[in-house]
Protein chains: 2
Amino acid sequence: MVSFTTPWRNWKHVTKLDPDKNNSQDIIKAVLEGGTDAILVGGTQGITLEKVKDLRAKLKWSKIPLLLEPSKAEAVDLSYDYFFVPLVVNSQEKWWAGGAHISWINSLKTVFGGFNKIPWEKIVIEAYVVLNPDAAVAKVTKCITDLSVDQIVSHAVFADRIMHSPIVYIEYSGKFGDPNVVRAVKDNLTYSHLFYGGGIDSRQKAEIMSKYATIIVGNIVYDDIGKYKQTIL
Amino acid sequence: MVSFTTPWRNWKHVTKLDPDKNNSQDIIKAVLEGGTDAILVGGTQGITLEKVKDLRAKLKWSKIPLLLEPSKAEAVDLSYDYFFVPLVVNSQEKWWAGGAHISWINSLKTVFGGFNKIPWEKIVIEAYVVLNPDAAVAKVTKCITDLSVDQIVSHAVFADRIMHSPIVYIEYSGKFGDPNVVRAVKDNLTYSHLFYGGGIDSRQKAEIMSKYATIIVGNIVYDDIGKYKQTIL
């Protein structure tokens, strides 16, 4: 019997902050006071433990959960509330779809002094399906993005039924995705909760994807704080 | 919440029959009447749907569960009680550690007319860690077998904590493995039940591995029926 405490099922809106970007006081204030449900700290490039800790310090007054999405095993700051660990289901490489995680478990065993001493309750797997071939994450992880709707759903169902992954994350990173794809995935999940990310920069786009998923809003907070606030329904 | 019905937790001894081998009347009789708890039908090479169906027909009077371990998507006979689907955690190739399964889900969707119509209750994932580099399965699936005990356990813990796999299968295929490895894996599993296979051809070897795992007994049934019977404790 596997049981999860699943606070993320109640989140409508998550803000993604990149430790490698300029997280100004204005941005931090807008995020902490704007009504988002959780803050996900992560990025694809240029991530160091120092930057992760700097951003954590800026968020010290947060009353909402702080989630670290570790980009690599070294950049893990244990003071975050959860580790949202990406596993890229449609990567062609074993490394991104399990290999890195096995290696990480081995290093955590050493850090914590035993496999059973790892804080498993803080570790939450996000099964990513990355669908924008132009996104940095798709290139780095060598994703297959040329997929039919059924093939996309097959990836999500694998994460759901085979991996019992707490989260399936449909990621269009930088581009607004196809709502029909997101709906088809949502309709076929049983255990997993759905996250959607990519191109949400207006109230209308937030409303469309919120019908099916917790929306992850990232880039717009750096581009236009006013528009960012409109994505919080 | 994920819940499994887990009859396999009560099995002490499973007999593995290979559809590509000569399953004589004497062998079938010894297996059906000898006291094994379940029959796992599978092999690595030369498997066809016809051979799988032939062996199923020979087992039609079985009172114990019949498990099909599909070698490839085409060779699936739906009259078996369960599909025990291997996923090779220490393969270097994404295909054997998820890719084939995603593709299989897509074809099952077509066969059954919907992802939700697939008989999920019959599908049981076996997370294999293959540790004998000379075994055909290790070569075919390009396994990394040169692993420390901690690295082996890390693979098992990935299957357990990340994949919530119902079964972890330590496979030495053709060789008797290291009981210390099997014990270390057993000590670190929380959700997953442990299977052990490889080189069990005597009562003594059966007793050693039965302390930690459900034992899978295969080749000896073809080599020496008398010795096979001794492995059933």
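There is no contact between A:Ile118 and chain B, counting heavy-atom distances below 4.5 Å. Of the two parts of A:Ser103, neither the backbone nor the side chain holds a non-hydrogen atom closer than 4.5 Å to a non-hydrogen atom of chain B. Residue contact with chain A, scored on non-hydrogen atoms closer than 4.5 Å, is absent for B:Ser148. Heavy atoms of B:Val124 lying under 4.5 Å from chain A are absent altogether. Neither the backbone nor the side chain of A:Val85 comes within contact range of chain B, judged by heavy atoms closer than 4.5 Å.
Using cut-offs of 30° and 60° on the angle between ring planes, the pair A:Phe158 and B:His101 is tilted.
Rounding to the nearest 0.5 angstrom, the gap separating the CH2 atom in B:Trp120 from the CG atom in B:Leu108 is 7.0 Å.
Using a cutoff of 4.0 Å between basic side-chain nitrogens and carboxylate oxygens, A:Lys51 and A:Asp20 are scored as salt-bridged.
Between chain B and the residues A:Gln92, A:Lys109, A:Glu93, the largest count of heavy-atom pairs under 4.5 Å involves A:Lys109. Heavy-atom pairs under 4.5 Å with chain A peak, among B:Asn90, B:Val153, B:Asp187, at B:Val153. Per-residue counts of heavy-atom pairs under 4.5 Å with chain A were compared for B:Met163, B:His155, B:Arg161; the largest is that of B:Arg161. Counting heavy-atom pairs under 4.5 Å between each of A:Asn106, A:Thr110, A:Thr190 and chain B puts A:Asn106 at the top. For the options A:Val157, A:Ile144, A:Asp150, A:Ile125, heavy-atom pairs under 4.5 Å to chain B are most numerous at A:Asp150.
A side chain to side chain contact (heavy atoms under 4.5 Å, CB included) with B:Leu194 is found for exactly one of B:Thr214, B:Ile170, B:Ile215, namely B:Ile170.
The number of heavy atoms from other shown groups lying within 6.0 Å of NZ (A:Lys142) does not exceed 12. For B:Asp146, the CG atom is loosely surrounded, since the number of other residues' heavy atoms within 6.0 Å does not exceed 12.
Cation-pi geometry between A:Lys186 and A:Tyr212 is not met at under 6.0 angstrom from the ring centre and within 45 degrees of the axis.
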